[in-house]
Enquirer: 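The structure under discussion is supplied below as structure tokens; questions concerning it will follow.
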There are 2 protein chains.
Amino acid sequence: MIFPDPPTGRLAEIVDTAWRLVETRGWANVSMRTLAAELNIKAPSLYKHVKTREDIATHIATKAFIQLGQGLHEHCESVEDLLAEYRSMARENSNIYRLLTSSEFPRNLLPEGLETWAVTPFYLVTDHDPIKGQALWAFAHGMAILEIDARFAGPNNGSPRGWRVGDRRAGV
Amino acid sequence: MIFPDPPTGRLAEIVDTAWRLVETRGWANVSMRTLAAELNIKAPSLYKHVKTREDIATHIATKAFIQLGQGLHEHCESVEDLLAEYRSMARENSNIYRLLTSSEFPRNLLPEGLETWAVTPFYLVTDHDPIKGQALWAFAHGMAILEIDARFAGPNNGSPRGWRVGDRRAGV
DNA sequence: GTCTATACCCGGATAGAC
DNA sequence: GTCTATCCGGGTATAGAC
């Protein structure tokens with residue numbers, strides 16, 4: 001995987017600020033105006049650094065996928081570790097995670113192969129069986145998004161203390 | 001589970017039309033104006049039948065969860081059947097499914113307990129072990145949404161021919 | 001139940017000066 | 001790189017007549 005050069009200078013500040021804003025309000029509530037305000041500039045100024053609003057989402061998502069991928073690659077010794085890492089990433093950046101996985105996100109703007117690279121550990125940890133890899137990834141994502149969105153019933157929104165796979169448990 | 005009375009008369013037509021529109025364009029692209037146009041009326045007229053736009057989403061989601069729940073309850077003899085049913089429901093109404101599971105959806109407006117009822121089969125089929133039930137639901141949802149959003153890599157977007165659980169395979 | 005008219009607000013984005 | 005001024009489109013929703 002060839003990573004794109006990370007943003008530098010003013011652009012980096014913009015992306016970082018946008019990231020923070022997304023994490024607190026959600027992407028849908030981050031407009032060019034609110035972002036500009038947070039940077040103490042006016043909205044039109046942003047267009048000197050970025051072509052469209054989607055570009056900002058793309059920068060954030062690229063950074064997020066790299067971060068996620070690195071975290072996962074460092075924890076693919078066991079299924080338990082991998083799941084625990086995935087879970088904590090999703091929970092600690094829930095709105096970023098939602099942006100990454102939302103259907104409206106323009107995935108085609110991402111660097112080619114980035115998402116695939118990020119989730120490779122799911123395939124590594126399942127003996128390179130693609131079917132098992134897909135299944136494990138799907139399980140991890142399903143657990144993450146259902147938990148984040150509080151869709152499990154029961155006390156504490158039904159969030160399990162850990163995620164179990166087969167007979168094993170991925171402790172938090 | 002006590003189901004709410006389904007909409008009748010003009011309201012039913014509105015909801016049905018909205019359903020169709022959502023399925024073709026996605027909820028984000030269904031405005032009061034476009035919906036009204038499809039019904040050959042003007043947008044303000046809709047407010048005689050519905051209080052807000054969110055109400056329409058709620059009506060659609062309610063209908064969809066009932067439909068999904070019924071389908072699942074009829075196919076909870078085996079894990080394979082249940083997964084196959086879930087998958088085909090999600091694939092045949094992908095944009096409705098996205099609405100149901102999107103983070104922005106105002107789940108609090110749904111009839112109390114409806115979603116929980118709809119997914120009970122996942123718990124029934126896993127010997128009422130809540131952990132296993134959650135895991136199976138999460139797996140099913142994860143597979144569905146990753147497949148629908150074409151996030152699997154590989155030919156045909158990497159969609160598996162069927163979903164496998166453990167050593168078993170859920171045929172399409 | 002439908003209409004017209006309209007208020008109101010918000011969004012993304014551009015042009016051109018400094 | 002930032003500004004002001006502005007365009008333009010879109011959205012939800014209300015008032016009041018028919």
Side-chain angles (χ1 to χ4, degrees), chain A residues 5-62 95 98-99 102-110, chain B residues 5-62 95 98-99 102-110:
Chain A
D5 291 331
T8 59
R10 196 78 179 102
L11 177 58
E13 295 175 34
I14 291 172
V15 173
D16 288 351
T17 304
W19 175 295
R20 266 188 13 248
L21 240 38
V22 167
E23 192 41 52
T24 56
R25 316 178 171 197
W27 172 244
N29 299 312
V30 177
S31 69
M32 297 305 267
R33 297 206 223 258
T34 61
L35 172 56
E38 190 75 11
L39 286 157
N40 295 311
I41 60 177
K42 305 300 176 185
S45 306
L46 292 171
Y47 291 90
K48 294 291 179 180
H49 305 94
V50 111
K51 195 148 177 44
T52 68
R53 178 175 177 264
E54 280 191 337
D55 283 356
I56 298 178
T58 306
H59 275 114
I60 295 176
T62 300
N95 273 327
R98 287 195 182 99
L99 170 61
S102 88
S103 310
E104 312 95 69
F105 178 75
R107 226 170 295 278
N108 54 304
L109 299 183
L110 279 180
Chain B
D5 291 330
T8 58
R10 197 76 179 105
L11 178 57
E13 294 176 34
I14 291 172
V15 173
D16 288 350
T17 303
W19 176 295
R20 264 188 16 245
L21 239 39
V22 168
E23 191 42 51
T24 55
R25 318 177 168 198
W27 172 242
N29 299 313
V30 176
S31 69
M32 296 305 265
R33 296 204 227 253
T34 60
L35 172 56
E38 190 73 15
L39 287 156
N40 295 312
I41 60 177
K42 305 299 175 185
S45 307
L46 291 171
Y47 291 89
K48 294 290 179 182
H49 305 94
V50 111
K51 198 149 175 41
T52 69
R53 178 175 175 266
E54 281 190 337
D55 283 356
I56 297 177
T58 306
H59 274 114
I60 294 175
T62 300
N95 274 326
R98 288 195 181 100
L99 170 62
S102 89
S103 309
E104 314 93 68
F105 179 75
R107 226 168 295 277
N108 54 304
L109 298 183
L110 279 180

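Just so we're clear, the structure is a prediction, and the values are computed from it rather than from any experiment. Chain A is the first sequence line, chain B the second, and so forth, proteins listed ahead of strands; every chain is numbered from 1.
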Enquirer: Taking it one step at a time, do B:Arg25 and B:Thr34 satisfy side-chain contact (heavy atoms from CB on, under 4.5 Å)?
Expert: CA-CA 11 Å; B:Arg25 318 177 168 198; B:Thr34 60; 3.6 Å; yes
Enquirer: Quickly work out the B:Lys51 NZ to D:dT12 C1' distance and round it to whole Å.
Expert: 12 Å
Enquirer: Could you tell me the separation between the CG atom of A:Leu46 and the P atom of C:dG12, rounded to a whole number of Å?
Expert: 10 Å
Enquirer: Among A:Val30, A:Ile60, A:Asn95, which residue meets the side chain to side chain contact (heavy atoms under 4.5 Å, CB included) test with A:Glu23?
Expert: A:Asn95
Enquirer: Rounded to the nearest Å, what distance is computed from the CG atom of residue B:Leu11 to the P atom of nucleotide C:dG1?
Expert: 9 Å
Enquirer: Nearest-Å distance, CD1 (B:Ile56) to P (D:dG11)?
Expert: 13 Å
Enquirer: Between atom CZ in A:Arg53 and atom C1' in C:dC10, what is the gap in whole Å?
Expert: 12 Å
Enquirer: What is the distance from NZ of A:Lys48 to P of D:dG1, rounded to the nearest Å?
Expert: 10 Å
Enquirer: Side chain of B:Lys42 only, heavy atoms from C-beta on: which candidate in C:dG1, C:dA15, C:dC3 is closest?
Expert: C:dC3
Enquirer: In whole angstrom, give the distance that lies between atom OH of B:Tyr47 and atom C1' of D:dA13.
Expert: 5 Å
Enquirer: Base, sugar-phosphate, or nothing: which does B:Ser31 touch, judged by heavy atoms less than 4.0 Å apart?
Expert: sugar-phosphate
Enquirer: Nearest whole Å is fine: how far is D:dT2 P from A:Asn40 CG?
Expert: 11 Å
Enquirer: Taking the side chain of B:Pro44 as its heavy atoms from C-beta onward, which of C:dT2, D:dT14, D:dT2 lies nearest to it?
Expert: D:dT14
Enquirer: Of B:Thr52 and A:Ser45, whose nearest nucleotide on DNA chain D comes first from the 5' end?
Expert: A:Ser45
Enquirer: Step by step, work out the side-chain contact (heavy atoms from CB on, under 4.5 Å) result for B:Leu11 and B:His59.
Expert: CA-CA 10 Å; B:Leu11 178 57; B:His59 274 114; 4.0 Å; yes
Enquirer: Using a 4.0 Å heavy-atom cut-off, does B:Arg33 contact any base of the nucleic acid, only the sugar-phosphate backbone, or nothing at all?
Expert: base
Enquirer: So do the side chains of A:Ile41 and A:Arg10 get within less than 4.5 Å of each other, counting heavy atoms only?
Expert: yes
